[in-house]
Amino acid sequence: MEVFLRKLVPVAMVVYLLGTIFLAAGQAADFPKRKITMLCHSSPGSPVDLMARQLAEPASKILGVPVVVETKTGGAGAVAMAYLLGQEADGHTVYAMTRSNADLFASGQIKDFTWKELAYLIRVQTDPFVLAAHPSAPFRTAKEMIDYAKKNPGKVKVGGFGSASAHHIMAIKFAKKAGIEITWVPYPGGAAAVTATLGGHVPVVHTNPATIIKHVQAGNLIPLAISAGNRIAAFPETLTYKELGVALEDYHFRGIATKKGVPDDVIKILHDAFKKAMETPDFKEYTKKNDLLPGYMNHEDFTKLFGETVEENKKIQKELGL
Amino acid sequence: MLFEACHSLLQGFSVALSLKNLWYCFIGVTVGNIVGVLPGFGPVSAVAILIPLMYGVEPVSAIILLAGIYYGAMYGGSITSILLKIPGESSSVMTAIDGYELALKGRAGPALGISAIASFVAGTLSVIFLTFFAPLLASFALSFGAPEYFSLMVMGFAAVAVLSTGDALKGGISAVLGIILATVGSDVITGIPRFHFGSIYLLDGIDFLVVAIGVFAIAEVLDNVVTKSKFGQRLSYGKWTNLLPSLNDLKVSFWPTIRATFIGFTTGVLPGAGATIASFISYATEKRVSKYPEKFGTGVMEAVAGPEAANNAATGGAMVPLLTLGIPGSNVTAVMLGALMMLGLQPGPLLFKEHPTFVWGFIASMYVGNVMLLILNIPLIGVFVQVLRLSFPIIAILVLEISLVGVYAFNNNIFDLYIMFVFGIIGFLLKKLDFPLAPMILALVLGRIFEEHCRRSLIISDGSFTIFLTRPISLTLLVVAVLVMFYPMILDFIRQHRKGKDK
Amino acid sequence: MRRGEIVCGILMMGFAVFYIYLSWEFPIGFVKRVPGSGMLPFILGITLLLLSVLYLLRSWKKAPKGEEFWAGDIKSLVICLIFYLGFIVSIRGLGFILSSFFFGLMTLRFLFKMKWPTSIFCSAAFTLILQVSFYNLLGVPLPKGLSWKILSALGLGYGG
């Protein structure tokens, strides 16, 4: 009996292993059973919504099922995430997210779940931050702005999206490393902040390049400095933070997430499909036209980056006293 | 310059009148009209569902379609407001107040007719303004900073005060409750959420359309249920000629429409003000200049013509910052901008120069679209008033179901349904106690922007309150606000002064 | 109206006190020379408190003792509210189709006392029209719930 059992255990284990592999393979081949819903917390036409739609189109063809963008606004993404977490962890619901989600988690406004309950599938694009000034401002270059700010602490008003947001935190980080003091003027959206600077009401705006490129071309705004590692094609003359002597390189990022607990093979299918979608000519064309940077990052690295961003934001928000 | 604009416009018509663009225009205004009729489901969502269908469409055709949805929705928004007291769009909340009362008097047809005509006149006039003054107005759109918006909101509150005449105490309570509601949600200035009781659904605050549907539509049904006032009773509208506005209706609506066009257009030009606030200011203006302000709220035609003209004129105005600067002034224009970017056209300050056919073709299409909407809407009045022939139970179910689906469609959230339900009850109680509800709704809209711009101005001025007085536009608006608020007292004072002199 | 007004005034006073208490959590004074996030709420709370006291005093003295606002068919009102709340509560689990149908049926039959066939026909028609126009034509993701499972089991499920 004992011998029989001893023989049976390995056999059972092999059967079990084979079974799971088989079943898993079956599941994998089975994965997109029906349409995939891509949630988006930002209104149609916003940068992350544009990314979601540009990605959904080729991804539908690759996965063979419709990928439908569904807008679920509210609480800067909290509502969309709560909805995602309420769905089954089968990969049929994904979420087009941004770095702003990290700010949200860091702020502690969400009590019902943590950032760890999401699976960060893939980072799709990065978008540098840019400082731009109105022509009437008492400075024309970033260097002049820093000098001016050193002489007049707190007098340089910088407008931008939100409070304790990615844009705010990046501006504070820049100011700290440059050794200056700025006053942040929060706006409910990037476009509103750009409008205020165009009107000369706030001398400097901190935003993403796509929102100001046309105004720069028309001579209504002067780009001062950019947070990317290298100069970007849209503003070839504009210095990077590093060139200014401010040791800082950082980006806004956008990507795709889903619920944690989605089987690994399904995550792989989704990741591969979106990666393939990013490599289509249409998607590349859109990236180029909107002055975005391709920012592919795989599941593991992206998860790590997101976690680090949340922790860093927590620290800065504490320092800011928010 | 005038000649130049005419010439460009003619060229624009050659684009807009091509068979393909006429078709896009027609689809746009029709979809817009339908979307406007359905409460909750607004032009933003409509544009969103059409975006995937627009790959490969020429940018000019795309914007003709999208803009058609935008101003088409303004026409449609008044229909459920007048017939069922469910505001179809946020900008037709004011229409619901007097429009519905008119419908109860059996004058739904004329109210719908006046709303369509006023919309057409204001829509067309605003496109004329857009044609000739767009580049001049670009700097006006930018001249409003935080202090100016603050003063504009103060003017808005003066309008609230005008609406609260009658019982000032009750009006005041209603308005304060409205601002209190506006404080719910994340505070933009500090990012701190307030009064959200830990709920993520309250982080963005309480949506005013949800509240408006609750306190207007749901409360109305509850009221009728409790009083059994209209059980089994059908509203009649008599002969078919009663469906059309009378000469007198047209006459009393003429000046309100013209005034509202100016109010609507200028408000529309300002990014972040928009159609809803325009309709409020127009309503208050009409009440202020009227010879019988006490009749406002009981069903007067001016109170339908004004707000409806204002919200249509605002759509024309909203195109000014979009076309001349590439700045989205409202949610809808932001979506349009996004759609254009997707099609590879990025509107900016050089749009007029770089893409004249696009700009002028689009402007020309707005003339065409407004004509289409008028032709579309007048015959539909006969169809829509048939709703009123249904018996009360059916109408009650219709209102309750449409309100629910509409509020759900607004954000796709079940939570909003509970908010609507609660405000249905609150609205019912306040109504029973004779509290005016309009001040609450208005204050809810204005409150948030008011506080935000006040604090933002003070950040910009390093805490000095003189910023509101040293800037000319801001100062002017504050003076106007004081005048609006105390106009009757000033008038009385002048009259008494004169009397004194005569003696 | 007098009792109604007094009750309302007391409720509003209570709300004002509660609201002031809540706004206490935020900075009420100036923060870096800019009003803190609690300043406006605090001012509003005090204003509401004052106004409701005035209202209460006025009602105490002047309000006529006539018909109270709760005169009328309160039973129907409560039934209507319960049915509507039931609709909202059940929409997630039952899905829009079933909960809308039941709401229409119950309200028409038991509140408005219409005949069974009319009630069934009308509620089914409304549900169908709303489902088709909002879900199918406009793509509003109305809750599916149990309704959808039943439809799929019957082979009538459509869409994704």
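Note on naming: letters A, B, ... go to the chains in the order of the sequence lines (proteins, then strands), and numbering restarts at 1 for each one. These figures come from a predicted structure and were not determined experimentally.
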Under 4.5 Å from a heavy atom of chain C, the part of B/Phe465 involved: side chain
Which residues in residues 118-128 of chain C have a heavy atom less than 4.5 Å from any heavy atom of chain B? C/Cys122, C/Phe126
C/Tyr19 ring center near C/Trp24 ring center (under 6.0 Å): no
Bottom line for B/Ile425: the part with an atom under 4.5 Å from chain C's heavy atoms is side chain
Where at least one partner belongs to residues 392-410 of chain B, residue pairs that pass side chain to side chain donor-acceptor pair (under 3.5 Å), sequence neighbours excluded: B/Glu401-C/Ser100
Report the relative orientation of the aromatic rings in B/Phe421 and C/Tyr84; use parallel for angles under 30°, tilted for 30 to 60°, perpendicular for over 60°. tilted
Which region of C/Ile129, side chain (C-beta onward) or backbone (N, CA, C, O), has a non-hydrogen atom less than 4.5 Å from a non-hydrogen atom of chain B, or is it both or neither? neither
In terms of relative ring orientation, are C/Phe18 and B/Phe197 parallel, tilted or perpendicular, with 30° and 60° separating the classes? parallel
Can you tell me which portion of B/Ala396 sits under 4.5 Å from chain C's heavy atoms? Options are side chain, backbone, both or neither. side chain
Given a strict heavy-atom distance threshold of 4.5 Å, which part of B/Ile34 is in contact with chain C: side chain, backbone, both, or neither? neither
Region of B/Asp167 that comes under 4.5 Å of a non-hydrogen atom in chain C: side chain
Give, as side chain, backbone, both or neither, the part of B/Phe410 having an atom under 4.5 angstrom from any heavy atom of chain C. neither
